[in-house]
K.L.:
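Before we start, here is the structure in question, set down as structure tokens.
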Amino acid sequence: MSRPTELWTSWQSLARKVRSNRIWRNPLMRYVALALAAALMMIAALSPLASVMVEGWSQRDLELRARLVFRSIRDQVATGMAADLDPQLVPRFERLAEDERILALGYCTAKGELRYSTRLLPKAVTCRTVQRNKSDTFVTVRDGDARIHVSAFPITTGTTSGHLLVLHDLSYIDVRSGEARLYAMLALIGVATGLGLLATAIVLGLMRTWARSIHNAIVEVQAGSGVSATLRRSDLPISREVHAVLAEVRLERRFTEGIHVEWSPRTLHLLLQEELPGAEVLVVSNREPYIHNHENGAIKLQIPASGLVAALEPVMRACGGVWIAHGSGSADRETVDRNDRLRVPPSSPTYTLRRIWLTEEEQEGYYYGLANEGLWPLCHIAFVRPVFREADWDHYVRINERFADAVVAEATTDAPIVLVQDYHFALLPRMIRKRLPKATVIAFWHIPWPNSETFSICPWREEIIDGLLGSTILGFHTQFHCNNFLEAADRFMESRIDREFASVTLGGHETLVRPYPISIEWPPAALADQAPVTACREAVRERFSLSAETRIAVGIERFDYTKGILDRIRAIDDLLTRDADWRGKLVFIQAAAPTRSKLDAYSTLQAEAMQLAEEVNARHGNDGYKPILLNIRHHDPAEVFELFRAADICIVSSLHDGMNLVAKEFVAARDDEHGILVLSSFAGASRELGEALIVNPYDTRGMANALRTALNMSADEQRDRMRLMRDLVRQRNVYRWAAQMLLDAARLRRRETIAAADRS
Ligand code: F6P
């Protein structure tokens, strides 16, 4: 191998070693090394400059001194020249040469002869160098190792002329410039070190701030929360950039893979800001989130027992906007302003509730009639015959129009996002589309959608499907109900169905049909003030006069025939009949909120339930023990959660249910990770809460067996099941539900903007 090749190879191997050393991977170390190299280069460049400067300055100093010497003896030299020789001149020269800096003095004649000189005048200095010069001359002459500075000054007296030579030894300048170089180097090293330390401190400070910002941003990403406004304001620009980049990554990741996001009011709010900037949100539902009633001479606030309200209220608190709903409370008119509005929640308002007034007759036709005697039994398989009356339909159309008027009146832009809720407003999406063509209408059907065979019995099936197809997006809880709707649209409308993209196009307008499983807020607000589980259990036992050993099963819902209340009482009956050991040790508390009581199907159910409870209690109870405790009244959220926390078992035995949020609330209430959920396979919730004991409510024996399994389930198994369900409800909370719809809406809005630009 040749020498250069060898050298190159060794250099490469050295460079590799240096590069592979972990220390250089640290950016701070690389920065310090770079700073040191720069400082060394600066020192190497500046120190010779210091010598040059000192030399120049010293020479000028010498010339000045030489001139002073010349001036002090010029007259004597002139006199001596005139007298041809002044005997005093040489001793005088010698005295002057005693000055430590002056090496020697001499006088040169015009002919270039050295006439007078002191002893130490070196031989290397001759008069030839200055012979013909008419002005002051300064030269440096080498004498061996020494450097001699020669200053020559011309003197003329009469016809005689010559030069006075003043010689200085330059060795002291060499010493001085050496010292100067040393001091300059030390000073530069000092300055470079100081600057380096200062820069390192600044860099370390910045890095710490950046690290904190990045850490905070990552924590926010993990928490799924937004970028804190205070942080954005207070941090350095680079930190804001880091936040911005992370926010982008976060948005992209979280919004495309919603499941990874810890959805919360903050992330939902951020989504609105980032994805739908400036969009106004309007919600329309029949049921209002806050009802004011006259009670015992005072106005009392009631939060209705409604899955829809439980889900949407937290979303509205996060998003703000206007919620348009029927003002159904006896004191509702007294609590609004002159525009029928009030700010809610009453304790800390974040959005506006706009109340719409209905007459008794309108309510009869639109709400009790078409919605709850017609569409409700049509959509739920509960074997209650739907009733369709022409007059009810007319009311239904008129009330939908009234709500459409309210939407147009409340909208402050021409492209609001309108969230239309439930089967009370099947016609509203089309009405809004006609009047606000640029609006994004998201309709959500909170109840099941029947198969097209069943749906075909509705006399206004085409009008209902057409009304819903005015939406931008139509949501159901499950894919199964989406499929049923697509089937119905295919069968009854002249529309184009895209099954791959899950959309229906009617009259040139496309509607996405998607499943968005609804959920609850996490953590539920009602959990905040709850006592520990043991305290809740004691309180409930005391309220119902139960012994400490009594096992408690609960059912909590509206008194609705779709909920399977009779079926669960029958299952308890069956269990106590077959397993008499449980008599006296098990009670079932049914909290049932009266609902739609004017309707026969509901009043009959209530009567039947009371009758059945009495029979079961008579069969298995005694004076001090009733296995079935029916509690028919409205329960506020705090009471509901106390019951959930006190229970060993929660029974959700719906005959048919879109989702059923009671099941999710029970799971959310059990932060002790105990309790068993017995859940109907006909509730949408059973698709998500697979760790519940899934039952068929029509199968009394099967449900009784499930109750026995629940009563015998070990604490470990309860915890394992509950943990999985809690994880799911936490992740798939109601903010995620809203976010998924809003994200789809944002995508469609962007697509529409691009298409509009293409058209123009
Ligand atoms: O969840 C279905 C639903 O009909 C909601 O739309 C409604 O808020 C809830 O049940 C209670 O019904 P209502 O509002 O008729 O009392």
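These figures come from a predicted structure and were not determined experimentally. When reading the values below, keep in mind they use all heavy atoms of this one structure, side chains included, and skip hydrogens, waters and symmetry mates. Each ligand, and each atom within it, is numbered from 1 in the order the structure gives.
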K.L.:
Can you sort out the partners of Asp337 under side chain to side chain contact (heavy atoms under 4.5 Å, CB included), two or more places apart, ordered by chain and number?
P.N.:
Asn339, Arg341

K.L.:
May I ask you to say whether Glu665 pairs ionically with Arg670, meaning some side-chain N is under 4.0 Å from a carboxylate O?
P.N.:
no

K.L.:
Between the candidates Arg287, Arg558, Met659, which shows the shortest non-hydrogen contact distance to atom 11 (C) of ligand 1?
P.N.:
Arg558

K.L.:
Among all protein heavy atoms, pick the one closest to atom 6 (O) of ligand 1 and tell me residue, atom and distance.
P.N.:
Asp422 OD2, 2.1 Å

K.L.:
Enumerate the atoms of ligand 1 whose separation from the nearest heavy atom of Tyr423 is less than 4.0 angstrom.
P.N.:
4 (O)

K.L.:
Counting only heavy atoms, which portion of Arg596 has something under 4.0 Å from ligand 1: side chain, backbone, both, or neither?
P.N.:
side chain

K.L.:
Between the side chains of Glu361 and Arg398, is the shortest nitrogen-to-carboxylate-oxygen separation below 4.0 Å, so that they form an ion pair?
P.N.:
no

K.L.:
What protein heavy atom sits nearest atom 1 (O) of ligand 1, and how far off is it?
P.N.:
His446 CB, 4.3 Å

K.L.:
Looking only at heavy atoms, which two atoms of Arg568 and Ser653 are closest? And how far apart?
P.N.:
NE-OG, 2.8 Å

K.L.:
Which heavy atom of the protein is the closest neighbour of atom 7 (C) of ligand 1, given with residue, atom name and distance?
P.N.:
Ser306 OG, 3.8 Å

K.L.:
Can a cation-pi geometry be assigned to Arg333 and Trp357, taking NZ or CZ under 6.0 Å from the six-membered ring centre and within 45° of the ring axis?
P.N.:
yes

K.L.:
Donor-acceptor pairs under 3.5 angstrom involving side-chain atoms of residues 471-480: please list them, not counting sequence neighbours.
P.N.:
residue, atom, partner, partner atom, Å
Ser471, OG, Leu468, O, 2.4
Thr472, OG1, Arg433, NH2, 3.0
Thr472, OG1, Val441, N, 2.8
Thr472, OG1, Val441, O, 3.3
His477, NE2, His446, O, 3.0
Thr478, OG1, His481, N, 3.2
Thr478, OG1, His481, ND1, 3.0
Gln479, NE2, Asn483, OD1, 2.9

K.L.:
Just going by heavy-atom distances, which of Trp445, Tyr367, Tyr368 is nearest to atom 13 (P) of ligand 1?
P.N.:
Tyr367

